[in-house]
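Before any comments, here is the structure.
On a predicted model such as this, the values are computed, not experimentally measured, just so you know.
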Amino acid sequence: MQQYSGFGLFKHSLSHHENWQRAWRNPTPKKKYDVIIIGGGGHGLATAYYLAKEHGVTNVAVIEKGYLGGGNTARNTTIVRSNYLWDESAHLYEHAMKLWEGLSQDLNYNVMFSQRGVLNLGHTLQDMRDIERRVNANRLNGIDGEVLDPQSIKEIVPHMDCSANSRYPVMGASWQPRGGVARHDAVAWGFARGADSFGVDLIQETEVTDLIIEDDTIIGVKTNRYGDIMADRVGSVVAGNSAVIAKMGGFELPLESHPLQALVSEPIKPVLDTVVMSNHVHGYVSQSDKGDLVIGAGIDGYTGYGQRGSYPTIEHTVQAIVELFPMFSRVRMNRQWGGIVDTCPDACPIISKTPVKNLFFNCGWGTGGFKATPGAGNVFAASLAKGEMHPLAEPFSMFRFHDGALIDEHGAAGVAH
Amino acid sequence: MFHIYCPHCAEYREEEEFHAAGQAHIPRPLDPEACSDKEWGEYMFFRKNPRGIHHELWVHAAGCRKFFNMTRNTQTYEIKEVYKIGEQPSVVAE
């Protein structure tokens, strides 16, 4: 793999940047792999990368029906934070946060991780009680967090309406300075390039049409372009389409796929250098390096695989943003899109074994999967390599919906992931 | 955006008046005490979530506030039919 560096950039400028090595190969798959990962999004590619790097499992294929990082990795609002209430999720997301902090160096790829801080606003007394509880829980778990009053919020985000006259006055906020944003495409590309350099085969434009199962054990997958490909272990990391793969395996998951919409405005001058989220007025906003406001909110309530949602949802989202930032009321929106998010009843992911032996699932991230990309990939890789779940992944078994040990993050982290 | 026919109001109304309430036709176990953890968990949490024809429960929240069922394609979002609680769908997935 060609190392990227400032000197390399200079060297290639002499040949007009025409001789850069391709970031990854486009190989024809072998007949058999140690591990097949279904789904070449951020989580799938991170899994492949850590399998090769940390566990020496390099005979790995990632099978992607579209192109790499073309699903929810390309569609999210890029927010990274780890201020979750419950121990299980806090540990998992904090594991991801620690990996984020060294990710660009580790991958030799600038993922533009910017720790600009995340504000979660409170607008009611109950919001404030929840925020104080969550911040205290975070600090006990070694995660940075502060409770801010409106005056301190005003200092961080001077353009936000923190006055007592607004319809839902801002009463305070939780503040995680280590939170921030990252460049979503770069994350997928960095992991893809890293995985490829260890010899992982990234098979694009190939759809898994069925699973090959014998005696309740998976032995391979059927594909639409390369026929049957055998594997000792298979990891499914297909987000919104998890139910479809699960059906091939003959079981159901406690998931419902919903459209989640986001939108970006026209580029404007720097105005917002942090991430603002509000569960109560229900929206979140940050400004990208390009200058556009990146805006999102809740899911559409119905089940949908269409990667698009309904107009009223966008309207509610924008109402919330204008409520917080009246000055944005004249900003024009540039693009709007939807992704399919697989939501769990307890708003926590599933990283789990399944009723089919050697078939593992990483899914159910709902609206908050991007922030966990390196952490989820890391623990899922460890689980695939050993055949036993990583300790951080253990509480997220799909069988928790049978034994009742749910991780109820819904009210805790709120809807605005 | 959906334009939904409410079978109780016998009118088309805009989507904003409605709420989706998840999968339809989930019978509550007749004897919950006799359920195993697995059966109860599946009744509570496990859903069909198909890509294609799906039967859903909707409520006309800002209208007559009554529940009804809908058969809808989750990929194209086309509404195939609406029918009242207790009725069976005429369009089913093959």
**Item:** When His402(A), Met398(A), His316(A) are compared by non-hydrogen pairs under 4.5 Å with chain B, the top option
**Value:** His402(A)

**Prompt:** Which atoms of Leu253(A) come close to chain B, meaning under 4.5 Å heavy atom to heavy atom: side chain ones, backbone ones, both, or neither?
**Reply:** backbone

**Prompt:** Atom CG in Asp300(A), atom CD in Glu15(B): separation rounded to 0.5 Å?
**Reply:** 6.5 Å

**Prompt:** Just by modelled atom types, is the Ser257(A) backbone N or O under 3.5 Å from a matching donor or acceptor in the Asn49(B) side chain?
**Reply:** yes

**Prompt:** Quick one: what part of His54(B) sits under 4.5 Å from any heavy atom of chain A, side chain, backbone, both or neither?
**Reply:** side chain

**Complete:** Only one of Phe45(B), Tyr43(B), Trp40(B) passes ring pair (Phe, Tyr, Trp, His ring centres under 6.0 Å) with Phe401(A), and that residue is Phe45(B)

**Asked** Can you name the nearest heavy-atom pair linking Gly22(B) to Glu256(A), along with the distance?
**Response** CA-OE2, 4.2 Å

**Complete:** In short, Ala20(B) meets Gly301(A) closest at the heavy-atom pair CB-O, 3.7 Å

**Message:** Counting only non-hydrogen atoms closer than 4.5 Å, does Asp342(A) touch chain B with its backbone (N, CA, C, O), its side chain (CB onward), both, or neither?
**Reply:** neither

**Message:** Is it true that, when you exclude Asn334(A) itself, more than 12 heavy atoms of the residues, nucleotides or ligands shown sit nearer than 6.0 Å to its CG?
**Reply:** yes

**Item:** Contact winner vs chain A - Arg72(B), Glu39(B), Glu14(B), heavy-atom pairs under 4.5 Å
**Value:** Arg72(B)

**Request:** For Thr76(B) and Arg308(A), work out which heavy atoms get closest and say how close.
**Result:** O-NH2, 2.9 Å

**Prompt:** What distance do Glu16(B) atom CD and Tyr311(A) atom OH have between them, rounded to the nearest 0.5 Å?
**Reply:** 10.0 Å

**Request:** Check whether more than 12 heavy atoms from other residues, nucleotides or ligands sit under 6.0 Å from atom CG of Asp215(A), and answer yes or no.
**Result:** no

**Request:** Give me the ring orientation class for Tyr302(A) and Tyr77(B): parallel if the planes are under 30° apart, tilted from 30 to 60°, perpendicular past 60°.
**Result:** perpendicular

**chain B contact via Arg400(A) - side chain, backbone, both or neither, heavy atoms under 4.5 Å** = neither

**Request:** Work out which heavy atom in Pro50(B) is nearest to a heavy atom in Tyr305(A); give both atom names and the distance.
**Result:** O-CE1, 3.0 Å

**Request:** Report, as yes or no, whether the 6.0 Å neighbourhood of atom NE2 on His8(B) holds more than 12 heavy atoms from other residues, nucleotides or ligands.
**Result:** yes

**Test: Arg47(B) and Glu252(A) ion pair at under 4.0 Å** = no

**Message:** At a 4.5 Å cut-off on heavy atoms, which part of Gln75(B) comes close to chain A: side chain, backbone, both, or neither?
**Reply:** both

**Asked** In terms of heavy-atom contacts, does CD of Glu388(A) have more than 12 from other residues, nucleotides or ligands at under 6.0 Å?
**Response** no

**Message:** Is it true that, when you exclude Tyr67(A) itself, more than 12 heavy atoms of the residues, nucleotides or ligands shown sit nearer than 6.0 Å to its OH?
**Reply:** no

**Prompt:** Is the number of heavy atoms from other residues, nucleotides or ligands under 6.0 Å of Glu205(A) CD greater than 12?
**Reply:** no

**Request:** Please tell me if the side chains of Gln23(B) and Thr303(A) come closer than 4.5 Å, counting only heavy atoms from C-beta onward.
**Result:** no

**Message:** Is Ile340(A) close to chain B through its backbone or its side chain, or both, or neither, when contacts mean heavy atoms under 4.5 Å?
**Reply:** neither

